[in-house]
Amino acid sequence: MIRETPFHPRTSVANQTGLWSHWSGYLATDRYQMSDKFEYFAIRNSAAVIDTSPLYKYRIMGSDSERFLAGVLARDIRKCRPGQAHYTVWCDDDGWVVEDGVILRFSDDEFLLTAAEPNMAYLQDLAGRMAVEIVDVSEDYGALALQGPYAREILKQLAPEMEEIGYFHLTPAKVGDAAVTISRTGYTGDLGYEIWVDRDDAVGVWDTLFEVASPYGVIPAGQTALLIARIEAGLVLIDVDFHSSRYAWNDDQRTTPHELGLGWMLRNLESDDRAFIGRSAIERELAEGTSRWRTVGVMVDYEDWNRVYGERSLIPPKDHTPEHGGMMIYDDRLERIGYTPSFVYSPMVQRHVGIARVRPEHAEPGSEVGLEVTIDHRYDVVKANVTLLPFYNPPRKTA
Amino acid sequence: MAVKKKYDAIVIGGGHNGLVNGSYLAKAGLDTVILERRHLVGGAAITEELYPGFSFTTFSYALSLLRPEIIHELELTKHGFMPLLMPSTFAPTEDGEYLLLGQDKNENHHEIARHSPHDADAYDAYGHMMEQVVHAIRPLMDSIPPDITSKDPEERARMAAIGSYLADLPPGVLHDMIRLLTGSAADILEDYFESELMQGLHASSGIIGTKVGPRSQGSGLVLLYHSFGEHDGAYGAWAFHKGGNGGFTQVLARAAESFGVEIRLESPVDHVVTKNGRATGVVLEDGTELQAKTVVSAVDPRRTFMDLVDPRELPSDLVDNIRRFKFQGTSAKVNFALDANPTYPGLEGRSDQYRGFVNMGPSLDYLERAYDDAKYGWYSQKPYIDGCIQSNVDPDMAPPGKAVMSCFIQYAPYHLKNGDWDEERDRFGDRVQKTLEGFFPGFSDLVLHREVVTPLDIERVVGLTEGNIFAGEFLAPQMFFFRPAPGWNQYRTPIEGYYQCGSGTHPGGCVMGAPGRFASQQILGDLKKKK
Ligand SMILES: Cc1cc2nc3c(=O)[nH]c(=O)nc-3n(C[C@H](O)[C@H](O)[C@H](O)COP(=O)(O)OP(=O)(O)OC[C@H]3O[C@@H](n4cnc5c(N)ncnc54)[C@H](O)[C@@H]3O)c2cc1C
């Protein structure tokens, strides 16, 4: 049976479209209302509530937990103080990315790791005889993201602590009567928070939150709206922009943190004395310059977009529905030099943009590339430029 | 700091077209100043906090016609450009019936079928026809029209090219285009729809800003014009700019300044200085003289040709044409700060119907009757109202839970037969409020503040002659080859170095930016030729 998140009594009423997808075995709303774009605009313009409960969640405790995580995660967990959070990847011995996730640190020896895929066996096997306890608490908590420019103003009416908490910090708080953890994290690239709540308190938190938030035009937003925002924010998605090395069949399907645009997580390797999984392979990759890809943005030339459609007497589409596929990228001799796993018309940038993987020599911002489009069952190549990620990065995100 | 007196280019008027024009000139390297009479830029597209916590779109309130090239060329997204989707259109009636259209094609189908199964699929056919016509006519709108009076072979060739272009269109599309350009909105809509509510809803776009009724020839053109725009590629779709249309002109002002434009507020221009038939600068009302070889008027044709320069310097046929140019404003606004969203009988507790246009023009007869009053010199006793409650999609507009409602009103003729707008202001406001009360019983109890904007206010405050919202009527003899006058439809004037770029030039009014952009192309081209 497909499972329901702790917020289901509310999401099922709010979902007027009957459109659900399955996310890690749970029902997740694609769009609540007839217009996913309207839900998207709530994220950029007021705030939207997104049920992110289906993520896997692991509580990691014990006196060795920091030492354990320092050896497993690519990013140095010792720099993540209690009350902070990290976005991190973990790799295999060959330096390929296994997965990414956010880890919250509650105290010296208590953490919550979120992941898109099950990782229990993987983590437990690595723990060996260290003094760490790993508990799968995925079922115990609901997670509710409040994302958008009004998020702070709304949340601080419920939890005054919100005024203070910095980007990627967290705090215990109360929403109504419920004890919760609120982290300043999210997957939209906007100002935003996530509320972690005991499943029994979830519906109450939803109700309390909406009581304050509704007058600001806050609405629940489904997966489509979230996926538009995440592409604009340049945030990668497993099984779309990369694949777990654990289940890859060949190295074409694997990727390194540097290839995935996450090299910044390993910026200070010289001063980092950890022996974490994948370290030597990553050092070799850097020393020998063997990275095969760079992850960049591509932004379509609007005149050329109009041209390719105009030549076929078509209205050039500007569709905000994310495309997860793999449009090919070519150089000026029509050699294939990469692809865009994620592509969308960005309402904020007013351009078609994609998260792209290109060969390092083509990764310079401004480089001209050609993007393959299919129009009426015919291939065409439209001009695009390489850009930095993210496409949209409002100062309020971190302010 | 000494006031700078010499520029490459002076733009008179900081409406959106002046801002667009100045931005392009500065981007091309000209030292450019924009002179605005008021304490803020934006002209007819401004947002003001007229009641604490409530942002009013005093005049213009929705966005669609803005040319997408301008967004890119002036890099507006860097400065906060943000058109918010209108996910719904609501057509209420006075008896509790309604039509609520949204973003889902099939849901719309069922909603329309409640009124008429016939109209449900006719709606798609109508939409397809309009899209095809818009697509066909866009290249003409998006280029500078030829000069129909010119004997220049190049201009003649451009005339011929238009002929071939039209001849190459599918005959059905060409015929529909001509029907729209010359006929009445009612004739076209009655071909497609039988439901009064559907007819009224669509015919409303055929009367906006213009002294025509839905059954007047010429309302088809107005209908078509209001479909030229887009929201992210969806033809004919409208949006609210974040912070109202004033939010948009603030974006433009930031873009202009980023290109180096100097914006001078509270700097009304008294006249343009000319020497030997050539513009050399302007004199402000306070006597300050500023010099420039290029002077651009971003105000309406009456002011451009009759006030800012001495008409005696101009050819008499031009002066005659400008004198004949019809303004005859017929629109007004009544804006409200409300304690909450209005309640619609049967939809109590809901507000999703208020996320786009709320169109109070439930039938052709309703609209035509409203026009009847105007024909005989008075304002409509039951006016057409285009309501917008932007606070439902943009929390910046009103305090949480409250609402700000913009109401665009027709008809309100500038020339009242036996009366005076300053005297009628409150009675007119009451009329509008009473009409709203008919659609939304209990409306008046919600009113915290009311702002009445008469056509006379539009003229006084924005400077639009006779309060015409488009700086000149959208009548066929005032469009394309003839906007604002035959021979002078290419942004130049008989005075060398003096240009025009307001909504009185091609393609016309609305927050569109095309006049400002085309004029800059003409100016920059002329400067290049001189070098
Ligand atoms: C009530 C109303 C509602 C409307 N609703 C919409 C709508 O919803 N959507 C839409 O697209 N369009 C709408 N329009 C039309 C649209 O707003 C106008 O066509 C457009 O804004 C005109 O822009 P402009 O730059 O050409 O001229 P204006 O906006 O008129 O700007 C001219 C500027 O010049 C200044 N000026 C005048 N004389 C002088 C002088 N001597 N010296 C210096 N400065 C001077 C004025 O103060 C003004 O700022 C509406 C218009 C009105 C009046």
Side-chain angles (χ1 to χ4, degrees), chain A residues 16-17 19 31-42 44-47 148-151 153-154 157 211-219 225 232 299-303 305-306 309-310 313-321 344-353 391-395, chain B residues 68-73 75-78 80-88 100-108 131-132 134-136 138-139 142 169-170 173 230-235 237 239-240 242-243 340-341 351-352 355-356 390-403:
Chain A
Q16 298 159 9
T17 63
L19 294 174
R31 57 174 193 262
Y32 287 91
Q33 328 197 348
M34 289 304 180
S35 170
D36 42 27
K37 193 173 180 182
F38 185 64
E39 293 174 10
Y40 158 83
F41 271 118
R44 296 290 183 231
N45 167 53
S46 56
Y150 276 82
E153 181 164 335
I154 289 162
Q157 295 174 44
E211 232 165 78
V212 178
S214 293
Y216 292 86
V218 172
I219 51 171
E232 291 183 330
M299 191 179 284
V300 172
D301 182 299
Y302 70 93
E303 285 176 318
W305 183 265
N306 290 347
Y309 284 91
S313 303
L314 297 172
I315 299 176
K318 297 177 186 171
D319 191 344
H320 61 275
T321 315
V344 76
Y345 175 79
S346 157
M348 284 313 296
V349 185
Q350 294 274 303
R351 293 285 192 91
H352 294 86
V353 298
F391 298 105
Y392 181 66
N393 193 19
Chain B
E69 300 78 32
I70 296 174
I71 302 167
H72 303 306
E73 289 162 359
E75 303 175 29
L76 299 185
T77 56
K78 280 193 192 164
F81 179 69
M82 191 171 179
L84 303 169
L85 173 82
M86 287 186 186
S88 67
L100 176 56
L101 299 178
Q103 296 289 302
D104 189 273
K105 184 169 173 275
N106 296 305
E107 200 188 31
N108 288 343
E131 276 186 351
Q132 285 183 301
V134 167
H135 201 60
R138 262 191 167 201
D142 283 334
L169 290 176
V173 173
E230 62 168 272
H231 176 64
D232 289 346
Y235 280 10
F240 290 120
K242 179 79 173 162
N341 278 318
S351 63
D352 56 299
R355 289 171 177 164
Q390 181 167 346
S391 44
N392 283 303
V393 303
D394 180 357
D396 291 1
M397 301 300 282
K402 312 273 182 214

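Convention: sequence-line order gives letters A, B, ...; per-chain numbering from 1. None of these values were measured; they are calculated from a predicted model.
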Asks: Considering only heavy atoms, which portion of D352(B) lies under 4.5 Å from any heavy atom of chain A: side chain, backbone, both, or neither?
Replies: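 Interface part for D352(B): neither.
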Asks: Side chain from CB out, backbone as N, CA, C, O: work out which of these in L84(B) comes under 4.5 Å of a heavy atom of chain A, or both, or neither.
Replies: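 Interface part for L84(B): both.
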Asks: Looking at V393(B), is its backbone amide N or carbonyl O close enough to the side chain of N45(A) to form a donor-acceptor pair, meaning the two atoms are under 3.5 Å apart?
Replies: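 Side chain of N45(A) to backbone of V393(B): a pair is present.
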Asks: Taking side chain as everything from C-beta outward and backbone as N, CA, C, O, which of these in I154(A) sits under 4.5 Å from a heavy atom of chain B? Side chain, backbone, both or neither.
Replies: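 Contact with chain B involves no heavy atom of I154(A) at all.
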Asks: Quick one: of M82(B), E230(B), Q103(B), E131(B), who has the most non-hydrogen atom pairs under 4.5 Å with chain A?
Replies: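 Answer, by heavy-atom pair count under 4.5 Å with chain A: M82(B).
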Asks: With side chains defined as the heavy atoms from C-beta onward, is the minimum distance between K242(B) and R44(A) less than 4.5 Å?
Replies: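 A side-chain contact is absent here, since even the closest heavy-atom pair is not under 4.5 Å.
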Asks: I'd like to verify something: which residue of G233(B), A234(B), P399(B), P395(B) has the highest number of heavy-atom pairs under 4.5 Å with chain A?
Replies: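 If we count pairs closer than 4.5 Å to chain A, P395(B) comes out on top.
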Asks: Rounded to the nearest 0.5 Å, what's the gap from NE2 on H231(B) to NZ on K318(A)? Could you check?
Replies: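 So the NE2 of H231(B) and the NZ of K318(A) are separated by 10.0 Å.
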Asks: Measuring only between side-chain heavy atoms, which start at C-beta, is F41(A) closer than 4.5 Å to D394(B)?
Replies: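 F41(A) does not reach D394(B) side chain to side chain.
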Asks: Measure P68(B) against the heavy atoms of chain A and call it side chain, backbone, both or neither at under 4.5 Å.
Replies: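 The side chain, not the backbone.
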Asks: Calculate, to the nearest 0.5 Å, the distance between atoms CE and OG belonging to M86(B) and S35(A) respectively.
Replies: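 It is 13.0 Å, given to the nearest 0.5 Å.
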Asks: E303(A) versus H72(B): any side-chain heavy-atom pair under 4.5 Å?
Replies: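 No, every pair of side-chain atoms sits at 4.5 Å or beyond.
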Asks: Kindly give the heavy-atom pair with the smallest separation between L85(B) and K37(A), and that separation in Å.
Replies: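 Minimum heavy-atom contact is CD2-CB, 3.9 Å.
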Asks: With a 4.5 angstrom heavy-atom cut-off, could you sort out which part of P149(A) is near chain B: side chain, backbone, both or neither?
Replies: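 Contact with chain B: none, neither part.
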Asks: Considering non-hydrogen atoms only, spot the tightest contact between D104(B) and R31(A) and give its length.
Replies: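 Residues D104(B) and R31(A), closest heavy atoms: OD2-NH2, 4.2 Å.
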Asks: Side chains of Q33(A) and R355(B): does their closest heavy-atom pair fall under 4.5 Å?
Replies: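 Yes - at least one pair of side-chain heavy atoms lies under 4.5 Å apart.
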Asks: OG1 of T17(A) to CD of E107(B): how many Å apart, nearest 0.5 Å?
Replies: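 One gets 10.0 Å once the value is rounded to the nearest 0.5 Å.
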Asks: Would you mind reporting whether Q350(A) and D232(B) have side-chain heavy atoms less than 4.5 Å apart?
Replies: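 Yes, side chains in contact.
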Asks: Using a cut-off of under 4.5 Å on heavy-atom pairs, state which of Y345(A), Y302(A), Y392(A) scores highest against chain B.
Replies: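 Max contact count across the listed options: Y302(A).
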Asks: Only pairs of heavy atoms separated by less than 4.5 Å count here; which of P87(B), S88(B), P83(B) has the most with chain A?
Replies: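 Top count of heavy-atom pairs under 4.5 Å with chain A: P87(B).
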Asks: So what's closer than 4.5 Å to chain B heavy atoms on F38(A): side chain, backbone, both or neither?
Replies: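 Looking at F38(A), backbone and side chain both touch chain B.
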